[in-house]
Structures are given as C-alpha cells and as structure tokens.
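The figures here come from the full heavy-atom set of this structure, side chains too, leaving out hydrogens, waters and symmetry mates. If you're wondering where the values come from, they're calculated on a predicted model, not measured in any experiment.
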Amino acid sequence: MYKLDKPDNLVEMLEESIVRYSSNEWFGVKRKDNTYTWYTYKDIGKRIDNLRGGLGYLGIGNGDAVGIISNNSVEWAIACYATYGLRARFVPMYEAELVSTWEYIIRDSNIKVLFISKQEIYDKIQHLLHDASDLMHIILIQGEGEGSIAEIEKTGEKYPMKSIIPHPDDIAGLIYTSGTTGDPKGVLLSHGNISSNIHAILKSFHVLNEKDRTLSFLPWAHSYGQVCELHCVMRLGASYGLAESPATIVNDLALIRPTLLISVPRIFYRVYDAIKAKMHEDGGLPLLLFNMGVKNGIKRKELAQSGKTSIIATIAFTIADKLVFKKIRDKFGGRLQVALTGSAAINPQIAEFFSIVGVPLYEAFGMTEASPGVASNTPDYNKFGSCGKAFDMVTLVIDRSNENEEGKEGELIIYGPNVMKGYHNKPEATRDVLTEDGGLRTGDRAFIDDEGFMYITGRIKESFKLENGKYIFPASIEAEIMMNKYVEQAMICGLNKPYPVCIIAPDFNILEKYASDNNIRTDHKEMIRQEAITSLIKNEITRQIAGKVGSYEMPRKFLILQDVFSVDNGMLTQSFKLKRKKIMEKYAAEIDALYAD
C-alpha cells in the first residue's frame, strides 16, 4: 500500500550509521567529576554485535520478546539494537512503575530474557523465573560476572552471530501505553512503522545533521523519546548526552550545550515561570528590558508578516536580546537550534515567548499507535497553537459523523505507514480503533485549517455534558488555567452537574513566597485552608480565563489540594496525562461537597 523509503528496518538503518559515522561521538555519560565521557558509533556498534551474539547464544530468535526495566542508558540502547538484529521484539518498561504492571507486561508479551538496571528490581521480580512460563533469564545491567550484561557480551564475542535483516512487517517492539483506565495495552510497532516515521520526521527537520547534539531525559520506554530521540539521532549520526537525573537537567544542559532538544511542555512551563518570577523579583531595569524585548519582539514579527520593519522596534529588541534574552538562551546551553515539544499541548503564548527570546520551539502531535509522529510545526512552517502539518506519507481526516460535533471539528483519523499493527492480545480493542480501510481513530477532537495546520481541541472521551445539555471540553480550559503562575496542575469536572468545578494543585514554590510576604503560614496543609489563599487562587484563575471561555465553561468552585498529581501517587500516566477517573474516585467526597455548599 505504501512505498517505504530505504532502509525500511532499524537494523540496516543502524548498520548504515555505524559505518558512515564510525568515529562520531554517539553517547555521552556523566561522570562523578561533572564531565561527560563520550563513546563513538564504532564503540557502541561493537557492544551491540557482542550482545546480539550473547542473546543468540541464550536462544533468542525470530519473534521472541526481550524486555528491559531501566532508565535511559548506553546499555538500554545496546540491548534494544541487539534484539532487533535477531528479528526479536523489544519490550521496554519504566523503572518508576508498579511491580504488578511489570508482571502484567512480562506475562502478556511473553518475555524470555529481561534486562534490569539494579538488584532492587531483581529482588521484586525474581519469582517470575518460576511463575512465568516464558521468562528464562534476568540479566543485571550493573556489575560484572554471572548474570550480568557484561558476561553476556563476553559470551557473544566468543560466539558471534551475524545480524538478521528484518522484514518491514516484522514487529520491532511492543510499547505499552499506561492508559488512564484498565490494563496497559501493548502497541505492536513494526520495523516499517518506525523506520517510515524516522524518515518522515527527518525530512521535516532537514536542518538537522550529524553535528547536532541533544540532552536525553525523556524515557525511551515511551514512543516519543524512543523514536524521536533515540532512533532519529542514531539515523543522523548525531549524539546525545544522558541526563544524570530530572533534578540535574538544568546543570546538564549547560554541560552538553545541545543544538536539539526533544521535550514536553511542562519543562518549558517551569522555565517560563522561573523567568517571570525572577524578572518580577528583580524589578527595575531588568523587568523593564524584559517587557520591552517581548513587546518589540512581537511587534517585529507582526511587521515582518506584512513585509515591514521598524528601526525603533529592532533597536529596542536588540538591546533586550543582548542584556536579557541571551541569559535565557544560555540556560539551554546557548546553542539550541530546534526544540520539539510534544506529548501534550503547549500554550501558544509560551511557544511564542520562547521563539521571541531565541529558543525555536516547535509543537508536534503524535501517539504511540502512530509510531508516534503524526504532525509537527517545523523551521519551514510554524503556527503557534497548532500541531503543525502532517508528516510525509501521513494523511489526516476529520470525521464529523459524531452527533455531538458541530462545524469544522470532528474526530481525527490517521492514515499512513506509521499506523500500528494492533494491540497485542487485544483484538477487540484493536477493532475499536482501526478502521476497515486502515485508519487509526485517535479519540481526539480536531480541525484542519485552510493552510493544512492541524489543531487538537480536546479528547472526545474527556468531554462531558452539564445538566443544561452543554458540552465541556476540559483540556483547553485546563491549559489556560495552568498559565497562571500560582497553578501547577488543574482538572475540570462536572458531569451532569449545573456547572463545572476545578481541582487545583498549586505551585507551592510561588505560593509560599506570597504567603511569606503576607504573614501567612507556609505549611501546605494550613496554607490552602486560609481564606486569603483560596480567594487569591480563585480570583487569579477567574482573571486568567475571563473572556477566553464561555460563561458556562467557567468553573464556579475550586478544590485546592496540598499535593500535586504524579506518576508515583497514581494520578498521572507515565506520559504525564491526568488519570481523570482515578482523580475523580479519590476526591469524590470533596467534589460532591463543592456542589452541596
């Protein structure tokens, strides 16, 4: 149906890069002295060859499943590519995951060999060697000796095995979507799915090349990090430094000085909030220059769109750029040329702000079931608020057959060589999302403008009806609310109720300063009970969204929490999406009380 670009599999793609970019640095690993040690494509290629031989010696072959429970590491990539070279399928899992989820995935995907990052994980799952019929070996990434990845590599060096080139339809891996309800679903992605997506992404971002470097902090267990970062960088012959931890990202950016960044909105929100807070704290000339720069940056852009310029605006912007904006760029290492944001929508004002200060930010849209890239803004075309245009060979269709849809919006359906083969062991779930003519139903409300830019306006299943019959699509309202500096997270609810209410997780870093300045106790539990604090948040949110949402969409009451939603407390998926059902269940009594008052 689709004529795929060559190479059409990840094994040949890898081997081409190892030959072509043999001496290029590929992986950087942070040392204790705060510097990075770099390994070349040749170095890593040799280890991949050895581990492939070792896995083959253990009996791994065509169609077998090899799993891993680990954060990003050199060994993660080596295990991944070694598995592909045996026509086996790779199944990644998160370290920060429930043991029950690991067990479910290990059993469901029939994993035979499992790599784990540390002994602590082994202690939690070793019983599966006896309880799970398919699991034969657990291999420790740390250390040496029997049962370690180092030992398996040594075995493979003694008993080498030539790589086997997969067919494009061969399954490269299962990526389990954490989902907001029910068991995880194993998305079957073929070599053709993933390789076609890599080709399409790099065509759209043709400015990238082998000299580019990124900081890796998105988990490769998720399709976004795995394909857009790990595989695309490999194809380019470029390099990535591995972030030591989420807490060290700012420091690591300064060390790596990336030209490319694959990220998510929350990173940019945090940076934006920190910048705004610092400017207002400093006040005086820095704040004046900051505001002057932003104002004139917007003016220059508007004038440029009509072919005009302004000497005054250019001078004002240049002064602010040298004295203020350069410092912001330096926070990202000072060399950033492309910053991609995905996994969730980013507020257009934030995207425009970073563009003005010289951090080119491009919003993209994807989903694991689409390998994952679907559409993106690029250096060639960028419209803030949109998800950009469809990637090469991808076709987007808006289905308006749903009785609740009006006008130009409808459900987004994706067609292309990137559409998954299905959900592993879940034929009914597969039939629910794959159309008879090969399309993928996304469950997203969307529209496409006259220039081909696609906009996501919400999740169809997340929408709800008020008792007056009006529909609420919460995602866009929540995004606007989270623009406020006092708000970390927000969730709108109100199914069959007279009006919507909003659950708020405050940004306590900002709120504590306000409380301290106003002689209010900074203990979180006590703080959120204070009338001054609850009124502040309510008034700030009302001001934030006034005129931007309909009167019926305006939340009338607020539940303010002392804790944020997180993966650890079960309120967020691994890709940081709200688990709305679990949140509603946990706070059911408090929500009911809002309507009872």
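Side chains of Pro184 and Thr101 form a contact here, defined as non-hydrogen atoms less than 4.5 Å apart. Two residues are said to be in side-chain contact when any heavy atoms from C-beta on lie closer than 4.5 Å; Ser343 and Lys577 meet this criterion. By the 4.5 Å heavy-atom criterion applied to side chains, Asn9 and Ser195 are not counted as neighbours. Looking at Tyr94 and His222, their side chains come closer than 4.5 Å, going by heavy atoms from C-beta outward. Trp76 has its side chain within reach of Leu230: a pair of non-hydrogen atoms, C-beta onward, lies under 4.5 Å apart. Proximity of Tyr423 to Glu428: side-chain heavy atoms (C-beta onward) are nowhere separated by under 4.5 Å. At least one side-chain heavy atom of Glu478 sits less than 4.5 Å from a side-chain heavy atom of Leu578.
We find that Lys383 and Asp449 are joined by a salt bridge, their nearest charged nitrogen and carboxylate oxygen being less than 4.0 Å apart. Salt bridge annotation for Arg445-Glu411: absent, with no cationic side-chain nitrogen under 4.0 angstrom from a carboxylate oxygen. A salt bridge links Glu16 with Arg235; the closest basic N to acidic carboxylate O contact falls under 4.0 Å. The pair Asp134-Lys112 fails the salt-bridge criterion, with no side-chain N (NZ, NE, NH1 or NH2) lying under 4.0 Å from an Asp/Glu carboxylate O. A salt bridge is absent between Asp64 and Arg87: the closest approach of a Lys/Arg side-chain nitrogen to an acidic carboxylate oxygen does not fall below 4.0 angstrom. In this structure, Glu409 does not pair ionically with Arg400, as no charged nitrogen and carboxylate oxygen lie closer than 4.0 Å.
Aromatic ring orientation, Tyr57 versus Tyr159: parallel (interplanar angle below 30°, classes split at 30° and 60°). Taking the six-membered ring for Trp and thresholds of 30 and 60 degrees, Tyr455 and Phe447 have nearly parallel ring planes, at less than 30 degrees apart. Taking the six-membered ring for Trp and thresholds of 30 and 60 degrees, Phe205 and Tyr362 have ring planes more than 60 degrees apart, a perpendicular arrangement.
Side-chain rings of Tyr240 and Trp220 approach one another, their centers coming within less than 6.0 Å. The ring of His231 has its center closer than 6.0 angstrom to the ring center of Tyr81.
Applying the side chain to side chain contact (heavy atoms under 4.5 Å, CB included) rule to Ala446 yields the partners Ile398, Leu412, Met454, Ile456; only residues at least two apart in sequence or on another chain are considered. Take Ile121 and apply the side chain to side chain contact (heavy atoms under 4.5 Å, CB included) test, not counting sequence neighbours, and it matches Ile69, Glu95, Trp102, Ile116, Ser117, Lys118, Ile125. Considering only residues two or more places apart in sequence or on other chains, Asp568 meets the side chain to side chain contact (heavy atoms under 4.5 Å, CB included) condition with Ser566. Partners of Arg213 according to the side-chain hydrogen bond (donor to acceptor under 3.5 Å, both in side chains) rule, which considers only residues two or more places apart in sequence or in another chain, are Glu25, Ser239. The side chain to side chain contact (heavy atoms under 4.5 Å, CB included) check on Glu244 picks up Lys30, Thr248, Asp252, with sequence neighbours excluded. Evaluation of the side-chain hydrogen bond (donor to acceptor under 3.5 Å, both in side chains) rule for Ser223 yields Thr368 as partners, not counting sequence neighbours.
Side-chain N or O atoms of Tyr224 include one that pairs as donor or acceptor with a backbone N or O of Ser263 at under 3.5 Å. The main-chain N or O of Ala351 is never found under 3.5 Å from a side-chain atom of Ser355 such that the two would form a donor-acceptor pair. Listed for the Asn377 side chain is a donor-acceptor partner under 3.5 Å among the backbone atoms of Ser386.
The only option from Asn193, Asp169, Thr430 that meets the side-chain hydrogen bond (donor to acceptor under 3.5 Å, both in side chains) definition with Lys421 turns out to be Asp169. Under the side-chain contact (heavy atoms from CB on, under 4.5 Å) test applied with Ile78, the options Ile48, Thr83, Asp49 reduce to a single match, Ile48.
Geometrically, Lys185 does not engage Tyr176 in a cation-pi contact, judged by NZ or CZ lying under 6.0 Å from the ring centre and within 45° of the ring axis. Taking the ring centre of Phe565 as origin, the terminal cationic atom of Lys579 falls outside the region bounded by 6.0 Å and 45° from the ring axis.
In this structure, Pro258 and Thr214 approach most closely via the heavy-atom pair CB-CA, 3.9 Å.
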